[in-house]
Structures are given as C-alpha cells and as structure tokens.
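Encoded as structure tokens, the structure appears first; notes follow it.
Computed from heavy atoms alone, side chains included, the values below leave out hydrogens, waters and symmetry copies.
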Amino acid sequence: QVQLVESGGGLVQAGGSLRLSCAASGSTFSPYAVAWYRQAPGKQRELVATITSAFITNYADSVKGRFTISRANAKKAVYLQMNSLKPEDTAVYYCSMAEKYWGQGTQVTVSS
C-alpha cells in the first residue's frame, strides 16, 4: 500500500512562488512515474507535470517555463516549484504515483 501526502500549498499573490512537496511511504518509489494534477472549482482535473523514473519531465502548456517538477528518490519525494504564479493557477493540487495512488491534495490560491 502506498500513501502520498502533499504539502506546501497556501495563499500567494500573483507573481509569487510556492514549492509543493509530495511524500510517499509504504512501498517502492523509484521505479514509478509521478505526476502533479490540479483541479479548480467547477473544472475537470488536469495534468500539470510528470516525471518518470528516468527523470524525464513533461509539462502542460499552461505551466511551461514557470513550473518545475523534480524528485528525490532517496527521500521518496517529488516537488513542484511554481514561479510567476497567476490567479488561474488557483486549484487543489494532487500528486499521483503511476495514476494509481493519489494524495489528499493541497490548496493553492493565487490572488490578483
């Protein structure tokens, strides 16, 4: 069984930065791809960024150049550095391992 716990969300002004963390426990971590998703009120959940076991990254067009995903296998952790935040980035952010395991989410609110 895998547990994922996100942290690092909060309220920030537009143009600011936040760093989200996702801590995994309970199982092997390094072989799995991990992704960050987000869901804004009234909208569908969308994929934000992914990182594979080979550290290959991919980003949604809406966050390219502003967000950076990284992982630390020894710590069983994945991070999402979010810079130049915009009000439209406001959402609950979730991490997911292999699209099978999900965290509870962390709220990010960007004020204009």
Side-chain angles (χ1 to χ4, degrees):
Q1 187 68 19
V2 174
Q3 294 83 40
L4 301 175
V5 179
E6 302 97 335
S7 61
L11 173 64
V12 64
Q13 288 188 333
S17 298
L18 283 174
R19 187 188 192 220
L20 305 183
S21 298
C22 173
S25 62
S27 184
T28 303
F29 176 78
S30 57
Y32 294 100
V34 181
W36 284 97
Y37 290 77
R38 66 186 181 188
Q39 187 167 19
K43 295 187 177 181
Q44 289 188 333
R45 186 174 296 186
E46 65 170 334
L47 179 63
V48 175
T50 61
I51 186 164
T52 70
S53 59
F55 294 85
I56 296 170
T57 60
N58 194 28
Y59 298 91
D61 288 343
S62 58
V63 306
K64 279 181 182 176
R66 300 189 298 122
F67 290 11
T68 302
I69 189 171
S70 60
R71 65 190 295 163
N73 288 338
K75 296 182 179 181
K76 292 187 178 180
V78 173
Y79 308 99
L80 186 67
Q81 178 67 44
M82 306 186 296
N83 299 327
S84 302
L85 282 162
K86 304 175 181 180
E88 50 264 44
D89 295 318
T90 294
V92 178
Y93 284 71
Y94 301 88
C95 67
S96 175
M97 182 185 295
E99 296 189 348
K100 179 178 180 180
Y101 303 102
W102 295 83
Q104 82 290 347
T106 185
Q107 176 70 48
V108 172
T109 303
V110 184
S111 63
S112 58

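Annotation: side chain of Glu6 is in contact with side chain of Gln104 (closest heavy-atom distance under 4.5 Å). For the pair Tyr32/Val78, no side-chain contact is recorded, criterion being any heavy-atom separation below 4.5 Å from C-beta on. Side-chain contact between Leu20 and Val108 is present, with at least one heavy-atom pair separated by less than 4.5 Å.
Linking ILVMFWY side-chain heavy atoms closer than 4.5 Å, directly or via other members, places Val63 and Val92 in two distinct hydrophobic clusters. Linking ILVMFWY residues whenever their side-chain heavy atoms come closer than 4.5 Å, directly or via other members, leaves Ile69 and Tyr94 in distinct clusters. The hydrophobic clustering, which links ILVMFWY residues whose side-chain heavy atoms are closer than 4.5 Å, places Trp102 and Val2 apart.
Using a distance-only test at 3.5 Å, with no hydrogens or angles considered, a donor-acceptor pair links the side chain of Arg71 to the main chain of Thr52. A donor-acceptor pair under 3.5 Å is absent between the side-chain atoms of Gln13 and the main chain of Ser111, judged by distance alone.
In Gln3, the CD atom is crowded: over 12 heavy atoms of neighbouring residues, nucleotides or ligands sit closer than 6.0 Å.
Closest non-hydrogen pair, Leu80 versus Ala49, comes out as CD1-CB, 4.2 Å. In plain terms, the two heavy atoms of Tyr37 and Val48 that are nearest each other are C-CG2, 3.9 Å. The heavy-atom pair separating Pro87 from Ser112 by the smallest distance is CG-CB, 3.8 Å. Minimum heavy-atom separation, Ala24 to Phe29: CB-CD1, 3.6 Å. Of all the heavy atoms in Asp89 and Arg38, the pair that sits closest is OD1-NH1, 2.9 Å. Closest heavy-atom contact between Cys22 and Trp36: CB-CZ2, 3.6 Å.
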